[in-house]
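This report refers to the structure that appears directly beneath it.
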Amino acid sequence: MLGLDFIRQNLELVRQSLVNRRSDLTLDAFAELDAARRRLIGEVEQRKALLNRISPQIGALLKSGQQSAADAKRAEMRQLKADIEALEAEREGVERRLQELVRVIPNVPHASVPPGDESANQEVARWGAPRAFDFEPKDHVELGVALDMLDLDRAAKISGARFAALKGLGAKLERALINFMLDLHLGEHGYVEVLPPFIVNADSLFGTGQLPKFEQDLFKLTDERGLYLIPTAEVPVTNLHRGELLDGARLPIRYVAYTPCFRSEAGSYGRDTRGLIRQHQFDKVELVAFAKPEESYAELERLTSHAEAVLQRLELPYRKVTLATGDLGFASAKTYDLEVWLPSQGTYREISSCSNFEAFQARRADIRFRREPGAKPEFVHTLNGSGLAVGRTWLALLENHQQADGSVTIPPSLRPYLGGLAQLGGGPRSSA
RNA sequence: GGAGGGGUGGCCGAGCGGCUGAAGGCGCAGCAUUGGAAAUGCUGUAUACGGGAAACUGUAUCGAGGGUUCGAAUCCCUCCUCCUCCGCCA
């Protein structure tokens with residue numbers, strides 16, 4: 001959410017940012033609503049000030065026994081209160097319309113973000129080279145099923161489309177990846193581990209920006225408490241500090257959290273229907289940071305490099321892309337996507353998304369910090385990034401490290417998490 | 001599920017119809033004291049939204065919302081949440 005002051009003072013900038021984002025929102029109503037709001041606030045408060053002045057006079061009159069004078073004042077009060085009520089109703093109407101407008105205005109992209117739609121996304125780095133296969137590489141479904149690691153048919157039976165069951169070494173590989181990622185971010189990157197609730201309330205989803213605009217993407221529980229399954233750990237972890245005033249000396253605060261993520265994937269019918277690419281439930285290790293405004297872009301680079309470190313140690317070729325204005329998420333000011341090479345698709349696919357939200361989420365969730373004792377509270381900048389999406393890492397690993405015989409080589413850094421195992425399938429083990 | 005007790009400022013904690021934006025303490029900041037520090041003393045120290053160039057000023061806020069009243073942190077109602085005990089249970 002943007003501040004009313006900010007929008008008022010930067011109306012053209014915000015308007016331009018909506019154009020750049022390919023948004024069809026208009027700000028035509030803003031100036032009028034904003035002015036009306038401020039006028040009504042003034043009028044209401046003027047009358048309330050009068051009320052506050054008269055009230056103690058009545059007490060004094062009653063004490064000194066001047067009943068009729070007190071009654072006259074009471075009548076005056078009644079009239080004032082009626083006026084206030086009418087003005088207040090008007091103000092509430094205006095404020096509601098203003099809120100409805102402001103709450104759906106997306107964040108203003110950072111100046112370094114290229115304008116344009118998806119096709120304007122900018123590749124900024126490439127690591128590793130797609131492997132040249134001397135055989136026809138299989139996709140992860142074929143590999144996973146053959147290795148008895150993946151069962152999509154039975155998952156469909158028990159839950160429906162877009163669900164998967166991992167089995168045997170498939171399940172163990174998922175667990176190994178989670179632990180590998182967590183340990184890396186904890187031990188070498190200095191994050192604090194959090195295991196948050198997987199179910200959250202509407203206020204939390206509003207805080208990070210999923211509500212009110214994107215409710216259709218969420219799984220909502222039906223038990224009348226208004227709870228939702230988390231679509232990402234970003235929601236519970238960022239909201240950990242909702243409504244809090246943080247000590248500036250403790251910033252930056254860095255959390256890493258493993259959670260499953262639940263997404264309805266409404267509107268993605270027909271896309272990525274095969275395999276593990278797009279699921280209703282998937283595991284993710286998420287990095288979340290709270291930083292001072294002047295440090296947040298350095299933090300974004302840092303956080304992104306932490307996600308990259310996972311890909312590098314798993315020897316997975318990837319590229320880093322700056323999302324263009326039109327492809328940017330609602331709450332983000334700048335986002336790097338990390339895209340891993342998938343041999344079966346002959347293309348790079350998103351495996352991590354690292355964003356700086358600046359004060360957009362902090363304003364919605366009321367997360368502030370005090371720079372030093374006595375200083376005025378300021379909104380923090382919030383950031384997060386996948387480090388990484390575990391399901392997609394699982395499938396990228398199978399596809400990139402597959403051998404001609406259908407076995408899969410495990411990169412050395414992951415072997416300790418699989419009891420030293422260097423290879424999935426193949427060799428004497430599978431021929432037995 | 002049953003019974004009871006709480007939610008007040010950065011933190012702890014008093015207040016239980018007007019004199020309370022709120023005692024006291026802690027923390028923090030400034031000053032004094034000191035060779036320096038500790039200790040001590042004095043002073044200051046909430047947020048949001050309006051108005052104002054500024055000094056300053058108005059309004060609101062004691063978990064949230066509603067009600068009673070001329071007037072509510074204080075009384076009433078609803079909800080949220082935390083704690084204790086009993087029951088059930090991974």
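Naming: A, B, ... by sequence-line order, numbering from 1 per chain.
The P atoms of A72(B) and U59(B) are separated by 13 Å, rounded to the nearest whole Å. Spacing of C1' atoms, C49(B) relative to C89(B), comes out at 49 Å, to the nearest Å. The gap from the C1' atom of U8(B) to that of A14(B) amounts to 9 Å, rounded to the nearest Å. When the P atom is compared between U69(B) and A55(B), the two are found 41 Å apart, to the nearest whole Å. Going from the C1' atom of C75(B) to that of C16(B) covers 9 Å, rounded to whole Å. Taking atom P in both U33(B) and C28(B), one finds a spacing of 22 Å when rounded to whole Å. Annotation: G52(B) and G41(B) have their C1' atoms spaced 39 Å apart (nearest Å).
Judged purely by distance below 3.5 Å, without hydrogens or angles, the side chains of Q312(A) and Y318(A) pair a donor atom with an acceptor atom. Side-chain contact check for N356(A) and S296(A): at least one donor-acceptor pair (N or O, by modelled atom type) lies under 3.5 Å.
For U59(B), the OP1/OP2 oxygens have a side-chain nitrogen or oxygen of N52(A) closer than 4.0 Å. In this structure, K376(A) reaches the A48(B) phosphate: one of its side-chain N or O atoms is under 4.0 Å from OP1 or OP2. Between R37(A) and G50(B) there is a side-chain polar atom (N or O) within less than 4.0 angstrom of OP1 or OP2.
Contacts of K73(A) with the nucleic acid, taken as non-hydrogen atoms under 4.0 Å apart, are absent. Heavy atoms of R8(A) sit under 4.0 angstrom from primed sugar atoms or phosphate atoms, though from no base atom. Residue R368(A) is in sugar-phosphate contact alone, with no base atom involved, counting any heavy-atom pair closer than 4.0 Å across all strands shown. Residue contacts for R53(A): at a heavy-atom cut-off of 4.0 Å it reaches no nucleic acid atom on any strand shown.
Residue E45(A) has its side chain nearest to G58(B) when only G51(B), G10(B), G58(B) are considered. The listed nucleotides are A60(B), G51(B), C49(B); the one nearest the side chain of K48(A) is A60(B).
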Taking only Watson-Crick and G-U wobble pairs with both distances under 3.5 Å, what dot-bracket line describes RNA chain B, where [ ] shows pairs that cross earlier ones and | shows pairs with another strand? ((((((((.[[[..)..(.....]]]((((((.......))))))((((((....)))))).[[[[[..)....]]]]])))))))....

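Using a 4.5 Å heavy-atom cutoff, the side chains of L173(A) and L169(A) are not in contact.
R22(A) and G326(A) get closest at one heavy-atom pair: CG-CA, 4.4 Å.
When the P atom of A29(B) is taken as reference, atom CZ of R370(A) falls 13 Å away, rounded to whole Å.
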Base versus backbone protein contacts along nucleotides 62-70 of chain B [heavy-atom cut-off under 4.0 Å; B, S, -]: --------B

